[in-house]
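Shown next, in structure tokens, is the structure this report addresses.
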Protein chains: 2
Amino acid sequence: MENLVREKRMALGMTQDELSIRLDVSRQTISSLEKGRYNPSITLAFKLSKLFQCTIEEIFIYEEE
Amino acid sequence: MENLVREKRMALGMTQDELSIRLDVSRQTISSLEKGRYNPSITLAFKLSKLFQCTIEEIFIYEEE
DNA sequence: TATAAATGTAAAGTAAGCTTGACAACGAAA
DNA sequence: TTTCGTTGTCAAGCTTACTTTACATTTATA
């Protein structure tokens, strides 16, 4: 699933490390997420949407298979 | 995390079994979801939102801890 | 009431999200 | 060029979403 985590993060001028601390996940989780290595849990998706002040749908692009 | 899966499903007049087949998950997954036994993956949340024709935020109520 | 349809749930296993630790690679700045 | 901040990624392990099987309980209907 594609996502705009990197774009949203950089728009806030944050590093992966800072973002991971704010969201209480590991830096590797953010790195892998941005690289599209896996999909986030719905909990992490909600945390991101709160921090980025947008909807989950505005961060994650779901393409049905 | 609270959710309105049961309400949305019944509004469509579907059984758990019918819903599970349409979403390609097991009936137990739907039952457990409705009972709040666990949170869905973001993929399942998107599938539900497409079928129910609403946003993920309209189905799942996230309360930050 | 009897019978079937729908739902709840337990146990055991698989798959995927996420962690920790570690190290390499890259870019910017001293 | 050296150093540092940032990011990529691997391996091993833990946790949780989800499956299969199976059976019990509730709800609806003949």
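Throughout, a chain's letter reflects where its sequence line sits, starting with A, and its residues are numbered from 1. Every value quoted in this text rests on a predicted model; they were computed, and no experiment measured them.
- Among the nucleotides C:dC18, D:dT9, D:dT19, the one closest to the side chain of B:V25 is D:dT19.
- Look at CE on B:M14: it is 11 Å from P on C:dT7, rounded to the nearest Å.
- Within the 4.0 angstrom heavy-atom criterion, base atoms lie near B:Q28.
- Residue A:M10 contributes atom CE, which lies 17 Å from atom P of D:dG5 at whole-angstrom precision.
- Atom CG of B:L12 sits about 6.0 Å away from atom CZ of B:F52, to the nearest 0.5 Å.
- If you check C:dT7, C:dG17, C:dG21 against the side chain of B:T15, the one that comes closest is C:dT7.
- Following rounding to the nearest Å, A:N39 (CG) and C:dA16 (P) show an atom-to-atom distance of 10 Å.
- Comparing D:dT9, C:dG17, D:dA17 by their closest approach to the side chain of A:Y38 singles out C:dG17.
- The side chain of A:S26 contributes an N or O atom lying less than 4.0 Å from OP1 or OP2 of C:dT19.
- The CG atom of A:D17 sits 15 Å away from the C1' atom of C:dG21 (whole-angstrom rounding).
- The main-chain N or O of A:R27 is never found under 3.5 Å from a side-chain atom of A:S31 such that the two would form a donor-acceptor pair.
- Looking only at distances, a side-chain donor or acceptor of B:E57 sits under 3.5 Å from a matching main-chain atom of A:I56.
- The nearest whole Å value for the distance from the CD1 atom in A:I21 to the P atom in C:dT19 is 12 Å.
- With hydrogens and angles ignored, the 3.5 Å screen pairs a side-chain donor or acceptor of A:N3 with a backbone N or O of A:L33.
- Closest approach to the A:Q16 side chain among D:dG8, C:dT7, D:dC10 is made by D:dG8 (side chain taken as heavy atoms from C-beta onward).
- For the pair A:R9 and D:dT7, the criterion of a side-chain N or O lying under 4.0 Å from OP1 or OP2 is met.
- A:R37 has a side-chain polar atom (N or O) that falls below the 4.0 Å cut-off from OP1 or OP2 of D:dC10.
- When rounded to the nearest whole Å, the span between CG of A:L33 and P of C:dG17 equals 9 Å.
- Put simply, CG on B:L48 and CZ on B:F60 are 5.0 Å apart, with the number rounded to the nearest 0.5 Å.
- Distance, B:L44 CG to C:dG17 C1': 15 Å, rounded to whole Å.
- Across all strands, B:R27 comes closer than 4.0 Å to base atoms (heavy-atom distances).
- Checking D:dT19, D:dA17, D:dG8 against the side-chain heavy atoms of B:S41 singles out D:dA17 as nearest.
- One atom, CD of B:E34, and another, P of D:dT26, lie 18 Å apart when rounded to the nearest Å.
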